[in-house]
Novice: 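I am attaching a structure below and will ask some questions about it afterwards.
These numbers come from the heavy atoms of this one structure, side chains and all, not from hydrogens, waters or symmetry mates.
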Amino acid sequence: MPEAGLPAHVLLAVLAAALLHAGWNALIRGAGDKGLYTVLLHASSGCLAIFALPFLGLPAPASWPYVGASALLHTLYIAWLMRAYDGGQLAVSYTLMRGLPPLLVALVSAPLLGEPLGSAGWLGIAAICGGVLGIGFAGGLTPGRALAHPASRAAALNALAIAAYTVVDGIGARQSGNPLAYACMLFVCEPLLILLWQYRLRGPLLLAYCRSHWRLGLLGAACSTSAYATILWAMTQAPVAMVAALRESSVVFAVLIGSLWFKEGRLRPGLLAGAGVVLGIFLLRS
């Protein structure tokens, strides 16, 4: 059983995963063809996982249905991710996708996971969600824009997919007996439908893109697989809702990358809103 609180070593591991998560999302945002790079990144993740599985072994059979369910949810996630960054700013799309899932996960933690949160936990998650959305507003997000812009609508829909697969993977990782093996099996299954879909649409172009950009694909895959494998391990060590909320500290890193690299948004208001994320982290540790 995971600990009731958030141990320091878990906190540091999740913060490192958050930085990696913001990094691979920035690679998608900066890609010339965001759709093809997203497919390449996830296909590369599957290739890395295939090499790792013989050393890790398979997860327990009890977790396999969760791998299947999560792979389907991740298919939706990847499709909406491509759309969210197609014409959308990193700070705006990223914060929409990351601001709502922790609250949704927290709401189902007690009935589905048997992990009711105390007052400090709820306050911490609320502070992180508020800080994340505040960063989005500092980056130019408005309610009207979120509803009107197709990229923002895709990002909002992705929040539902993220919350769903977080809960599924939290249960599956615990059932697996080996969260790293569970993660690798998921990485292998995750891109299959998207690969078939994109190959049917743009087969020759997809193959040519993979041949010319495979190094960048492996870089993004290394960040992505390391980040999510760490998160799955953390969910076996601490309450899922707390890990899911802490993971969204990645938005602070996304603001820094978006402002300094892509020259988008306003850095100072974004970092001020990020103080809410930092406050939430302290509350989760209390």
Novice: Quick check: do Ser44 and Leu48 have side-chain heavy atoms less than 4.5 Å from each other?
Specialist: no
Novice: Please round to the nearest 0.5 Å and tell me the distance separating atom OG of Ser45 and atom CG of Leu186.
Specialist: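 Rounded to the nearest 0.5 Å, the OG-CG separation comes to 10.0 Å.
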Novice: Is it true that a side-chain atom of Arg174 and a backbone atom of Met235 form a donor plus acceptor pair closer than 3.5 Å?
Specialist: yes
Novice: Which word best sums up how the rings of His74 and Tyr77 line up, parallel for under 30°, tilted for 30 to 60°, or perpendicular for over 60°?
Specialist: perpendicular
Novice: Let me confirm one number: the CG-OG distance from Leu219 to Ser224, rounded to the nearest 0.5 Å.
Specialist: 11.0 Å
Novice: Do Pro101 and Thr166 make a side-chain contact, defined as non-hydrogen atoms from C-beta onward lying under 4.5 Å apart?
Specialist: no
Novice: Output the distance between atom CG (Leu76) and atom CG (Leu157), rounded to the nearest 0.5 Å.
Specialist: 9.5 Å
Novice: With distance as the sole test, does Thr225 use its side chain to make a donor-acceptor pair with the main-chain N or O of Ala221 at under 3.5 Å?
Specialist: yes
Novice: Work out which heavy atom in Phe187 is nearest to a heavy atom in Pro191; give both atom names and the distance.
Specialist: O-CD, 3.1 Å
Novice: I'd like to know if Leu180 and Trp64 are part of one continuous hydrophobic network [Ile/Leu/Val/Met/Phe/Trp/Tyr, side-chain heavy atoms within less than 4.5 Å].
Specialist: no
Novice: Tell me, do Trp233 and Val10 make a side-chain contact under 4.5 Å, heavy atoms counted?
Specialist: yes
Novice: Can Tyr165 and Asp169 be said to form a side-chain contact (heavy atoms from CB on, under 4.5 Å), step by step?
Specialist: CA-CA 6 Å; Tyr165 75 61; Asp169 285 339; 3.9 Å; yes
Novice: Working note: Thr38 + Trp24, criterion side-chain contact (heavy atoms from CB on, under 4.5 Å); need CA distance, chi angles, decisive distance, verdict.
Specialist: CA-CA 10 Å; Thr38 301; Trp24 71 259; over 6 Å; no
Novice: What closest approach, in Å, do His42 and Ile78 show between heavy atoms, and which atom pair accounts for it?
Specialist: CD2-CD1, 3.5 Å
Novice: Taking Leu40 as the starting point, is it possible to reach Trp197 by hopping between hydrophobic residues whose side chains are less than 4.5 Å apart?
Specialist: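 As far as the 4.5 Å side-chain criterion goes, Leu40 and Trp197 are connected within one cluster.
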Novice: Between OG of Ser63 and CG of Asn178, what distance do you get to the nearest 0.5 Å?
Specialist: 9.0 Å
Novice: Would Leu196 and Arg200 satisfy side-chain contact (heavy atoms from CB on, under 4.5 Å), going step by step from the backbone distance to the final call?
Specialist: CA-CA 6 Å; Leu196 290 173; Arg200 184 174 181 180; over 6 Å; no
Novice: In terms of hydrophobic clusters joined by side-chain contacts under 4.5 Å, are Leu41 and Leu20 together?
Specialist: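 Leu41 does not cluster with Leu20.
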Novice: Of the non-hydrogen atoms in Ser250 and Ala18, which two are nearest, and what is the gap between them?
Specialist: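 What the structure gives for the nearest pair is CB-O, 3.1 Å.
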Novice: Among Ile162, Leu104, Val108, which one satisfies side chain to side chain contact (heavy atoms under 4.5 Å, CB included) with Val167?
Specialist: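 Exactly one option meets the side chain to side chain contact (heavy atoms under 4.5 Å, CB included) with Val167, and it is Val108.
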Novice: Kindly say whether Tyr209 contributes a backbone atom to a donor-acceptor pair with the side chain of Ser212 at under 3.5 angstrom?
Specialist: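 It does hold such a pair.
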Novice: For Val243 versus Ala234, what's the shortest heavy-atom pair and its separation?
Specialist: CG2-O, 3.7 Å
Novice: Measuring from Gln237:CD to Leu11:CG, what's the distance to the nearest 0.5 Å?
Specialist: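 Here the interatomic distance stands at 13.5 Å.
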Novice: Give the cluster check for Leu195 versus Leu73: same hydrophobic cluster or not, with ILVMFWY residues linked at side-chain heavy-atom distances below 4.5 Å.
Specialist: yes
Novice: A side-chain contact here means heavy atoms from C-beta on lying under 4.5 Å apart; do Tyr199 and Leu207 qualify?
Specialist: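 Answer yes - side chains close enough.
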Novice: Just do the side-chain contact (heavy atoms from CB on, under 4.5 Å) check on Cys210 and Leu206 with the steps written out, would you?
Specialist: CA-CA 6 Å; Cys210 290; Leu206 175 60; 4.0 Å; yes
Novice: If you look at every heavy atom in Tyr182 and Val168, which pair is closest and at what distance?
Specialist: OH-O, 4.0 Å
Novice: Which heavy atom of Thr75 sits nearest to which heavy atom of Glu190, and what is that distance?
Specialist: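 Scanning both residues, the minimum pair turns out to be OG1-O, 3.8 Å.
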Novice: When you measure from the side chain of Ser176 to the backbone of Ala173, do you find a donor-acceptor pair of N or O atoms at a distance under 3.5 Å?
Specialist: yes
Novice: Give the cluster check for Leu27 versus Leu218: same hydrophobic cluster or not, with ILVMFWY residues linked at side-chain heavy-atom distances below 4.5 Å.
Specialist: no
Novice: Would you check if Met185 and Tyr66 make a side-chain contact, meaning some heavy-atom pair closer than 4.5 Å?
Specialist: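 They are not in contact (no side-chain heavy atoms under 4.5 Å apart), so the answer is no.
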